[in-house]
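I have placed the structure first, in the form of structure tokens, so that the comments after it can refer back to it.
A note on names: the letters A, B, ... follow the listed sequences, proteins ahead of strands, and every chain is numbered from 1.
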Protein chains: 2
Amino acid sequence: MSNSVDPYHLEDQVGYLLRLASQRHSIIFQNRISKDLTPTQFATLIRVAEKKEVSQNQLGRLAAMDIATIKGVVDRLKAKGLLQATADPGDKRRSIISLTEAGAQLMEQLYADGFGISHETLAPLKKSEQKTLLALLKKIT
Amino acid sequence: MSNSVDPYHLEDQVGYLLRLASQRHSIIFQNRISKDLTPTQFATLIRVAEKKEVSQNQLGRLAAMDIATIKGVVDRLKAKGLLQATADPGDKRRSIISLTEAGAQLMEQLYADGFGISHETLAPLKKSEQKTLLALLKKIT
DNA sequence: CCACTTTCATTAGCACACTAATGATAAGTG
DNA sequence: CACTTATCATTAGTGTGCTAATGAAAGTGG
């Protein structure tokens, strides 16, 4: 039976811990990423690289961002010359997003950075713990 | 030895999974919280309630927000009538933050909400997995 | 083919979350 | 005491991340 006098400890709550872990990850990301990119910009580039061509809507779903958020991210990546948008001839509502030459050339380095970032973020854990953490995180997604 | 041809799967990276888990948690939070509050506002109230009186700087450290972020959070909580600031007589730089009557009366409900939010967020996991996840998250904080 | 619905994208607005710069006050040291 | 350093708070700027409102284009059913 549950104890009605359990104190509430913020530091034991998932939400708070997720925020703290995200904060640390962001710092590691920032220190290790080659270009001046944020984690969401990074994820967006990865998704575009995987698909070659996507609509903005599709891209938002693939990178787990809502349409208003992905728009800003794509705009900034266009400003950096890493993404480009062209009109879809068969559907005038759509704009097709793809990597520029510069974006494409950057990808190999980004993948390498990505491995390093994940590695450092998980460094406090043993190999087996790392697998467990990833598996559990996937379950609460 | 590490395999140089490992593909990079975004969905297996800690940073990405942390973002997804945080997203789901936010939605649950929003649906369950009594007052119109965000997770950071919630954490801030909890910390003030624990300390009774804190400077804004202290509060930022306690709630894991930088000083610029906590300022905005405190401003919004003041606007909602849940926090108040008074001058520190012994140190003119400081403003002392405390709960208003309305804020104090809200706390009991917020603790209850907090338990429910954590519970629902962790619902996909068994009890033992929940403990493991929290322990592992603490290690990468 | 015309109305209804859905999809796609844009815009405005709010709330974090950080950096960097500024200014005021306090504390420590020669 | 005067100088330096540290602390506290504010402000401006950038980048997520969401909702809600708008409008254009595409699809669907009577």
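The distance from atom CG of B:Asp88 to atom P of D:dT7 is 16 Å, rounded to the nearest whole Å. Summarising the geometry, the separation between CZ on A:Phe29 and P on C:dA17 is reported as 18 Å, rounded to the nearest angstrom. If you measure from atom CG of A:Asp66 to atom C1' of D:dA20, you get 11 Å, rounded to the nearest angstrom. For the pair B:Ile96 CD1 and C:dT25 C1', the interatomic distance rounds to 15 Å; values are reported in whole Å. Atom CD1 in A:Ile27 sits roughly 7 Å away from atom P in C:dC18 (whole-Å rounding).
Within 4.0 Å (heavy atoms only), A:Lys71 reaches at least one base atom of the nucleic acid. Residue-level contact check: A:Gln30 touches neither bases nor backbone, having no heavy atom under 4.0 Å from any strand. Counting non-hydrogen atoms under 4.0 angstrom, B:Ser95 reaches the backbone sugars and phosphates but no base.
Of the candidate nucleotides D:dG17, D:dA20, D:dA26, D:dG17 has the atom nearest to the side chain of B:Arg19. Side-chain proximity of A:Ala68 to D:dT16, D:dC8, C:dT11: nearest is C:dT11.
Heavy-atom distances to DNA chain C give each of B:Asp91 and B:Met65 a nearest nucleotide, and the one nearer the 5′ end belongs to B:Met65. Heavy-atom nearest nucleotides on DNA chain C were determined for B:Lys92 and for B:Ile67, and the one closer to the 5' end corresponds to B:Ile67.
One finds a side-chain N or O of A:Arg94 lying less than 4.0 angstrom from the OP1 or OP2 phosphate oxygen of C:dC8.
Residues from residues 37-58 of chain B that place a heavy atom under 4.0 Å from any atom of DNA chain D, listed by number: B:Ser55, B:Gln56, B:Asn57.
Looking at every heavy atom in both residues, A:Leu133 comes nearest to A:Leu125 through CD2-CD1, 3.7 Å.
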